[in-house]
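Some notes on the structure that comes next.
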Amino acid sequence: WQQLWGISMSDQVLSALEQFFLRWQRDGEARRGLPLCEWEADWRSPCELDEPREGRVAWRPYRRPVPADFAAMADALELTLHPSALALFGHWFSRPLPCSYKGLRIELILPWNEADLDLLKENLIGHLLMLRKLKRTPSLFIATTRNEMTLVSLDNESGQVWLEWLDSGRRLVLAPSLPAFLTRLETLPQ
């Protein structure tokens, strides 16, 4: 799953993610101006654009100068992580982004800062170990839904994007790949 038409899967994910960020910024900023979030002095991010005002700060997704390293996580799990997941989580900092996929309201998960990336890795490890214990194929969650028992996940083997019910193990294919999924995301007002 590394190459498709001579462009790496990672490059396809990054291109689709950048296009989604551009749509998200264009649509959101046209409606409301820059997005604001709660400002926390001990939870800073390179996404922050300005000094906080009245406990809130303007922000935008921020491209990391150096991609995050997932080698220790992969080694600990004795698992090769799908390049799509590494591209999604390893290149940008952002708040979770509310959006929809074919009418399904979701929040795309991205780390806010290095400490948040460490928490994300811990949660992904816990998710993968739970799936292993349940004898299910490995998946990496990429978005939340309104139902806490339902996640949008990336199949670590095929790279397909699924709607995954944690309680039952049921899985529904949403998209054949992460780039195809990201291309179909629609922005939502925050």
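Keep in mind it's a predicted model, so treat the numbers as computed, not measured.
Heavy atoms only, all atoms of each residue included: Pro179 and Gln12 are closest at CG-CB, 3.6 Å. Between Leu14 and Ala87 the shortest heavy-atom distance is CD2-O, 3.7 Å. The two atoms that bring Cys47 and Ser94 nearest to each other are SG-N, 3.6 Å, heavy atoms only. Across all their heavy atoms, Val13 and Ser84 have their closest contact at CG2-OG, 3.6 Å.
The shortest distance between side-chain heavy atoms of Thr145 and Leu163 falls below 4.5 Å. Proximity of Thr187 to Phe20: side-chain heavy atoms (C-beta onward) are separated by under 4.5 Å at one or more points. Using a 4.5 Å heavy-atom cutoff, the side chains of Leu120 and Phe89 are in contact. Side-chain contact between Leu108 and Leu185: present, with at least one pair of heavy atoms (C-beta onward) separated by less than 4.5 Å. Using a 4.5 Å cut-off on side-chain heavy atoms (C-beta onward), Leu88 and Leu17 make contact. Between Leu79 and Pro138 there is a side-chain heavy-atom pair separated by less than 4.5 Å. You'll find the side chain of Arg64 reaches within 4.5 Å of the side chain of Phe93, heavy atoms only. At least one side-chain heavy atom of Asp116 sits less than 4.5 Å from a side-chain heavy atom of Trp43.
A continuous path of ILVMFWY side-chain contacts below 4.5 Å connects Leu172 to Met149, so both sit in one hydrophobic cluster. A chain of hydrophobic side-chain contacts below 4.5 Å, direct or via other Ile, Leu, Val, Met, Phe, Trp or Tyr residues, connects Leu119 to Ile142. Tyr101 and Leu22 are not part of a single hydrophobic cluster, where members link through side-chain heavy atoms under 4.5 Å apart. At a threshold of 4.5 Å between side-chain heavy atoms, the hydrophobic network of Ile, Leu, Val, Met, Phe, Trp and Tyr places Leu77 and Leu124 in one connected group.
Both tests hold for Arg95 against Trp112: distance to the six-membered ring centre under 6.0 Å, angle to the ring axis within 45°. With Trp165 as the aromatic partner, Arg170 meets the cation-pi criteria of under 6.0 angstrom to the ring centre and within 45 degrees of the ring axis.
Atom CD of Gln25 sits about 8.5 Å away from atom CG of Leu34, to the nearest 0.5 Å. The line from CG of Leu140 to CG of Asn123 is 12.0 Å long, rounded to the nearest 0.5 Å. Separation of atoms CG (Leu81) and NZ (Lys121) is listed at 10.0 Å; rounding is to 0.5 Å. Annotation: the span from Arg184 atom CZ to Cys99 atom SG amounts to 13.0 Å, rounded to 0.5 Å. Between Arg23 atom CZ and Thr183 atom OG1 the span is 7.0 Å, to the nearest 0.5 Å. In this structure, CG on Leu134 lies 11.0 Å from CG on Leu129, to the nearest 0.5 angstrom.
For the ring-ring contact (aromatic ring centres under 6.0 Å, His included) with Trp92, the qualifying choice from Trp24, Tyr62, Phe21 is Phe21, the only one to do so. Checking each of Glu157, Glu164, Gln160, His82 against Ser139 for a side chain to side chain donor-acceptor pair (under 3.5 Å) leaves exactly one that passes, namely Glu164. Checked options Asn156, Leu151, Thr150; the residue passing with Ser153 is Leu151 (criterion: side-chain contact (heavy atoms from CB on, under 4.5 Å)).
Looking only at distances, a side-chain donor or acceptor of Arg136 sits under 3.5 Å from a matching main-chain atom of Leu166. Checking side-chain atoms of Asp155 against main-chain N and O of Val173 turns up no donor-acceptor pair under 3.5 Å. For Ser15 (side chain) and Asp11 (main-chain N/O), no donor-acceptor pair under 3.5 Å exists by modelled atom type. Although no hydrogens or angles enter the test, the distance criterion places a donor-acceptor pair under 3.5 Å between the side chain of Asn113 and the main chain of Arg44.
For residues 12-21, every residue pair satisfying the salt bridge (Lys or Arg N to Asp or Glu O under 4.0 Å) rule, not counting sequence neighbours, is listed here: Glu18-Arg63. Residue pairs meeting the ring-ring contact (aromatic ring centres under 6.0 Å, His included) criterion with at least one partner in residues 136-164, sequence neighbours excluded, are His127-Phe141.
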field: Intermediate values then yes/no, side chain to side chain contact (heavy atoms under 4.5 Å, CB included), Leu110 and Leu97
entry: CA-CA 8 Å; Leu110 292 158; Leu97 299 174; 4.2 Å; yes

task: Please test Phe181 against Leu154 for side chain to side chain contact (heavy atoms under 4.5 Å, CB included), starting from the C-alpha separation and ending with a verdict.
output: CA-CA 10 Å; Phe181 176 79; Leu154 177 80; over 6 Å; no

- request: Output, in order, the C-alpha distance, side-chain angles, deciding distance and verdict of side-chain hydrogen bond (donor to acceptor under 3.5 Å, both in side chains) for Thr137 and Arg171.
  value: CA-CA 11 Å; Thr137 57; Arg171 293 169 169 174; 2.6 Å; yes

message: Run Ser10 and Leu86 through side chain to side chain contact (heavy atoms under 4.5 Å, CB included) and show every step you take.
response: CA-CA 8 Å; Ser10 294; Leu86 303 180; 5.8 Å; no

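Using a 4.0 Å cut-off between a side-chain N of Lys or Arg and a carboxylate O of Asp or Glu, Glu29 and Arg60 qualify as a salt bridge.
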